[in-house]
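Any value given below was found using the heavy atoms of this structure, including those in side chains, with hydrogens, waters and symmetry copies removed.
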Amino acid sequence: GGTFQYTWDEPVVYDGAKDPEFVFKFEADGYAPFITRVIHASEGDVRFDLRLTPAPSTEVTVLSPDNEPAANVDIGLASPGARLSLVPGGFYRENIQSGGTLLMTDSAGHFTLPSDQTIKRVIAASPQGYAEATLADLAANPVMQLQPWGQVEGTFAVDGQPSAGRVVSIGFGQDERFDMISCDSTAFKTTTDDQGRFTIPVAPPGDHEMVIMDYFTNQFGLSWTSQPLQPVNISSGTDTVITIDTPPNPGLTPAMLKKYGVKSN
């Protein structure tokens, strides 16, 4: 009869608040999704009366760089809370991404794009290539064509001097919300050689940023964090060559050391 009951008893993955907040999203094929108000854990039992409104979905075709239908391509629907994790050649499928935000094209290169206005960006990724589009783009032309992945080569210097042993990676976009989509820093990371040189052989085309990764020990054991270094525009199908020159001692700031409970560096 359209009624439902759900008991929330899963542990909170990460919670820095005494009274965690949640939102719930209801979806059904052929309807626009319904997103609840913010609910505090302290509210206990909560009742919702909701109405889904019909909304047509869109069939999108993904083509390879050679204009052939591209099967088994990962499709990421980047929206608040999606938590998509991009890796070389696709998306990490063991991440805690939100349900329904990670799809795959069928044997004819098709996927169904739901009518969900919370989707900020649609990303197609496979070993064949990479593509991005907005909902407006796909409403005008429901076709995405993969472009070859790029490659980043560079030199890392500190105060003008080449720096060896620096761990660098790629951060997705330059202003993208981390809870929507991010690059898996460990999947894209590389370490500079004795001349400060590095290569990231597979990189997503577009405007992104280079980040430096720092490893440290806290109460949970060995951990890491990253900080942005500089923007980078990665070209499709070719090498993007950059030079990074930072002030002395790039890495964790004293405030971040305290935040992450560092015992030794």
Side-chain angles (χ1 to χ4, degrees), residues 25-35 52-95 97-151 170 172-177 179-184 187-188 201-208 233-238 240:
K25 184 176 185 179
F26 297 82
E27 296 177 292
D29 290 343
Y31 293 84
F34 180 92
I35 300 176
L52 299 182
T53 57
S57 56
T58 302
E59 183 176 89
V60 179
T61 302
V62 179
L63 301 176
S64 72
D66 297 327
N67 287 318
E68 297 293 332
N72 302 321
V73 175
D74 284 346
I75 305 297
L77 307 180
S79 59
R83 298 187 301 274
L84 297 166
S85 181
L86 185 70
V87 296
F91 282 96
Y92 183 53
R93 288 190 166 268
E94 296 182 17
N95 198 41
Q97 68 270 350
S98 177
T101 61
L102 186 52
L103 312 176
M104 180 177 284
T105 61
D106 61 19
S107 59
H110 300 150
F111 73 91
T112 300
L113 178 65
S115 179
D116 183 350
Q117 294 304 309
T118 67
I119 297 172
K120 304 302 181 184
R121 188 179 313 196
V122 179
I123 296 169
S126 79
Q128 289 180 282
Y130 176 94
E132 291 186 20
T134 65
L135 292 182
D137 294 335
L138 296 176
N141 180 25
V143 175
M144 299 178 72
Q145 182 161 23
L146 300 175
Q147 300 298 319
W149 293 79
Q151 176 172 298
I170 296 173
F172 191 92
Q174 295 173 15
D175 57 357
E176 194 67 76
R177 285 176 49 173
D179 72 332
M180 290 202 301
I181 181 172
S182 63
C183 284
D184 186 315
F188 288 98
V202 179
D207 291 323
H208 302 289
N233 179 267
I234 301 173
S235 299
S236 169
T238 187
T240 298

Surrounding CZ of F34 (heavy atoms of other residues, nucleotides or ligands, distance under 6.0 Å), is the total greater than 12?
yes
Do you know which two heavy atoms are closest between H208 and G173, and how far apart they sit?
ND1-N, 2.8 Å
Has T105 got a side-chain atom pairing as donor or acceptor with N72's backbone, closer than 3.5 angstrom?
yes
How far apart are the closest heavy atoms of G90 and W149, and which atoms are they?
N-CZ2, 4.0 Å
Roughly how far apart are R93 CZ and L102 CG, rounded to 0.5 Å?
4.0 Å
Let me confirm one number: the CZ-OG distance from R121 to S79, rounded to the nearest 0.5 Å.
12.5 Å
Looking only at side-chain N and O atoms, does T118 offer a donor or acceptor that is under 3.5 Å from a partner on D116?
yes
Between F188 and P204, is there a side-chain heavy-atom distance shorter than 4.5 Å?
yes
Flag side-chain contact, heavy atom, 4.5 Å: M180 against P80:
yes
Within this structure, what is the CG-CD1 distance for the pair L84 and I75, rounded to the nearest 0.5 Å?
11.0 Å
Going by heavy atoms in the side chains, are M144 and F111 under 4.5 Å from each other?
yes
Would you confirm whether S182, through its side chain, and S85, through its main-chain N or O, come within 3.5 Å as a donor-acceptor pair?
no
Could you pull out the closest heavy-atom pair between I181 and A78, with the gap in Å?
CG2-CB, 4.2 Å
Please examine the side chains of V60 and V122, heavy atoms only from C-beta on, and report whether any two atoms are closer than 4.5 Å.
no
Heavy-atom pair with the smallest gap, counting every atom of P69 and A108:
CB-O, 3.3 Å
Would you check if P114 and I119 make a side-chain contact, meaning some heavy-atom pair closer than 4.5 Å?
yes
Given the options V202, D184, D74, V87 meets side chain to side chain contact (heavy atoms under 4.5 Å, CB included) only with D184
Nearest 0.5 Å, what's the CG-CG distance between L146 and L63?
8.0 Å
What I'd like to find out is whether the side chain of E68 reaches to under 4.5 Å of the side chain of Q128, using heavy atoms alone.
no
Which atom names give the shortest non-hydrogen contact between I123 and F172, and what distance separates them?
CD1-CZ, 3.6 Å
Does some side-chain heavy atom of L103 sit less than 4.5 Å from a side-chain heavy atom of L113?
no
Sidechain-backbone polar pair: Q151 side chain, A203 backbone, donor-acceptor under 3.5 Å
no
About how many Å separate CD of E59 and CG of D106, when rounded to the nearest 0.5 Å?
7.0 Å
Residues S235 and T240: closest non-hydrogen pair is N-OG1, 3.0 Å
